[in-house]
Amino acid sequence: MIAPRALLFDVFGTVVDWRGALIGDVGAFGAARGIDADWPAFVDAWKAGYRPGMDAVREGRRGWANVETLYRERLDAIATDFGLGGLDAAARGELVRLWRRSRPWPDAVPGLHRLQRRFPLATLSNGDVGMLTEMARRGGLPWDCVLCAELFRSYKPDPRVYLGAVEMLGVAPGEAMLVACHNYDLAAARALGLRTAFIRGRREFGADQQRDQEPEDDWDLVAADLEDLAAGLGT
């Protein structure tokens, strides 16, 4: 296989363990305020609003709203169910910003540094520029470029997100490779001519996760983690 000229990365799930970090952080947030709740259930309920909110934007049923806006709206909808109904606007904003503290999987930083020796690395996330930038600084993620849905005013799997990213990097679709642990993401990228690398076995939704544990197509590369991907790409 001829090496790609650039690597694009899905971030949430593929590079960072958002759920594990968020459960711990919202638990600490609640404890500081004397609030006790089933925090894993809260995080799962909060995340459940993610895809419907993005689909509404992507399908034109509402105007553009970035991910932090979608998470704030979902928080407002479920807050009372988890004993958070008394939080004021400032506290709710603080809670939403905890998504920016999502921490890398153990293999992510060393794997990305190995890959960066040979390839430019860019995000291609449904997260926001500010969210991804703060997360990178906190977690030591060595991105050369932060690209995301916010720049294209739509969400993956809208073709405009993938094609806009490769255009910004100045490469053809076939010269870029998307790295993701989500089969749907890779399928959308492949349909547009991008190369694909699947990271298997990421349990972003917890130990009982069943979906996206194995490749559902013959992706260009399948790797156990980002260090294994680096080895597969010769770095």
Side-chain angles (χ1 to χ4, degrees), residues 6-19 21-22 43-78 93 95-102 104 121-136 141 143 145-169 171 173 176-199 202 204-205 209 211-212 216-217 219:
L7 301 181
L8 294 160
F9 290 80
D10 170 68
V11 177
F12 289 92
T14 302
V15 177
V16 301
D17 175 16
W18 59 268
R19 185 176 184 271
L22 195 58
V43 167
D44 291 340
W46 201 2
K47 183 68 170 180
Y50 172 75
R51 179 57 58 184
M54 292 191 303
D55 287 346
V57 172
R58 187 170 51 81
E59 295 166 5
R61 290 183 279 114
R62 66 170 293 173
W64 169 253
N66 66 20
V67 161
E68 288 195 335
T69 298
L70 298 178
Y71 279 142
R72 174 57 188 271
E73 291 174 355
R74 178 64 176 172
L75 173 61
D76 290 343
I78 66 172
L95 197 53
V96 169
R97 285 191 295 276
L98 292 179
W99 285 91
R100 298 181 174 215
R101 301 172 65 93
S102 298
L121 309 182
T123 63
L124 188 56
S125 173
N126 282 329
D128 313 330
V129 172
M131 176 187 290
L132 295 166
T133 301
E134 183 170 337
M135 194 183 309
L141 297 168
W143 305 124
C145 183
V146 171
L147 301 176
C148 61
E150 186 176 34
L151 300 175
F152 310 108
R153 292 297 193 266
S154 190
Y155 288 105
K156 294 186 296 181
D158 188 324
R160 290 176 292 176
V161 178
Y162 305 92
L163 295 178
V166 296
E167 181 181 4
M168 283 189 164
L169 290 175
V171 299
M177 173 176 279
L178 178 67
V179 181
C181 68
H182 308 115
N183 283 282
Y184 91 90
D185 202 359
L186 296 177
R190 171 175 279 182
L192 298 166
L194 280 74
R195 302 187 204 182
T196 52
F198 180 73
I199 307 302
R202 289 294 205 217
E204 61 172 311
F205 291 98
Q209 179 175 334
R211 71 178 183 273
D212 285 326
E216 296 175 3
D217 208 332
W219 309 124

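When reading the values below, keep in mind they use all heavy atoms of this one structure, side chains included, and skip hydrogens, waters and symmetry mates.
Two residues are said to be in side-chain contact when any heavy atoms from C-beta on lie closer than 4.5 Å; L95 and L75 meet this criterion. With a 4.5 Å cut-off on side-chain heavy atoms, R100 and E68 count as touching. D17 has its side chain out of reach of F12: every pair of non-hydrogen atoms, C-beta onward, lies at least 4.5 Å apart. Looking only at side-chain heavy atoms (C-beta outward), D10 and V179 stay at 4.5 Å or farther from each other. In this structure, L22 and R101 have side chains that are not in contact, with every pair of non-hydrogen atoms separated by 4.5 Å or more. The shortest side-chain heavy-atom distance between E134 and W99 does not fall under the 4.5 Å cut-off.
To the nearest 0.5 Å, atom OH of residue Y184 and atom CZ of residue R211 are 10.5 Å apart. Interatomic distance, CE of M54 versus OG of S154, reported as 10.0 Å (0.5 Å rounding). Between Q209 atom CD and R19 atom CZ the span is 9.5 Å, to the nearest 0.5 Å. In this structure, CE in M135 is found 12.0 Å from CH2 in W18, a value given to the nearest 0.5 Å. Rounding to the nearest 0.5 Å places CG of L121 at 10.5 Å from CG of L141. Expressed to the nearest 0.5 Å, how far CG of N183 lies from CZ of F198 amounts to 4.5 Å.
The two atoms that bring A65 and V57 nearest to each other are N-CG2, 4.1 Å, heavy atoms only. Taking each heavy atom of E204 and G13 in turn, the nearest pair found is OE1-CA, 3.5 Å. Closest heavy-atom contact between R51 and P157: NH1-CD, 4.1 Å. In this structure, L70 and G53 approach most closely via the heavy-atom pair CD1-C, 3.8 Å. Across every non-hydrogen atom of G127 and C148, the tightest pair is O-CB, 3.2 Å. Shortest non-hydrogen contact noted between A149 and V161 is CA-CG1, 4.3 Å.
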Exercise for review: Report the C-alpha distance between W219 and M177 in whole Å, list the side-chain angles of each, state the deciding distance to 0.1 Å, and finish with yes or no for side-chain contact (heavy atoms from CB on, under 4.5 Å).
Suggested key: CA-CA 11 Å; W219 309 124; M177 173 176 279; over 6 Å; no
Practice item. I would like to know whether D212 and R202 meet side-chain contact (heavy atoms from CB on, under 4.5 Å); could you show each step before the answer? Key: CA-CA 8 Å; D212 285 326; R202 289 294 205 217; over 6 Å; no
Practice item. Might you work through the side-chain contact (heavy atoms from CB on, under 4.5 Å) test for L8 and T123, ending with a clear yes or no? Key: CA-CA 5 Å; L8 294 160; T123 63; over 6 Å; no
Check your understanding: Given V166 and Y162, is the side-chain contact (heavy atoms from CB on, under 4.5 Å) satisfied, shown in steps?
Key -> CA-CA 7 Å; V166 296; Y162 305 92; over 6 Å; no
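Not one N or O on the side chain of D128 forms a donor-acceptor pair closer than 3.5 Å with the backbone of G130. W46 places no side-chain N or O within donor-acceptor distance of the main-chain N or O of R74, the cut-off being under 3.5 Å. A donor-acceptor distance shorter than 3.5 angstrom exists from the side chain of T14 to the backbone of C181, with no hydrogens or angles considered. Formation of a donor-acceptor pair under 3.5 Å by the N66 side chain with backbone atoms of T69 is found in this model. A distance-only check finds a donor-acceptor pair linking the side chain of R153 to the backbone of E150 [under 3.5 Å].
Taking the charged nitrogens against the carboxylate oxygens, E73 and R62 do have a contact shorter than 4.0 Å, which makes a salt bridge. Look at R61 and E59 and you find a salt bridge, because one of the NZ, NE, NH1 or NH2 atoms lies within 4.0 Å of a carboxylate O, short of that distance. Salt-bridge check for D55 with R58: passed, with a basic side-chain N closer than 4.0 Å to an acidic carboxylate O.
When the ring pair (Phe, Tyr, Trp, His ring centres under 6.0 Å) test is applied to Y155, the partners found at least two apart in sequence or on another chain are W64. Applying the salt bridge (charged side-chain N to carboxylate O under 4.0 Å, His left out) criterion to D185, with sequence neighbours excluded, gives K156.
For the side-chain contact (heavy atoms from CB on, under 4.5 Å) with S125, the lone residue among V15, L132, V146 that qualifies is L132.
Note on residues 187-197: pairs passing salt bridge (Lys or Arg N to Asp or Glu O under 4.0 Å), not counting sequence neighbours, are R190-D217, R190-D218.
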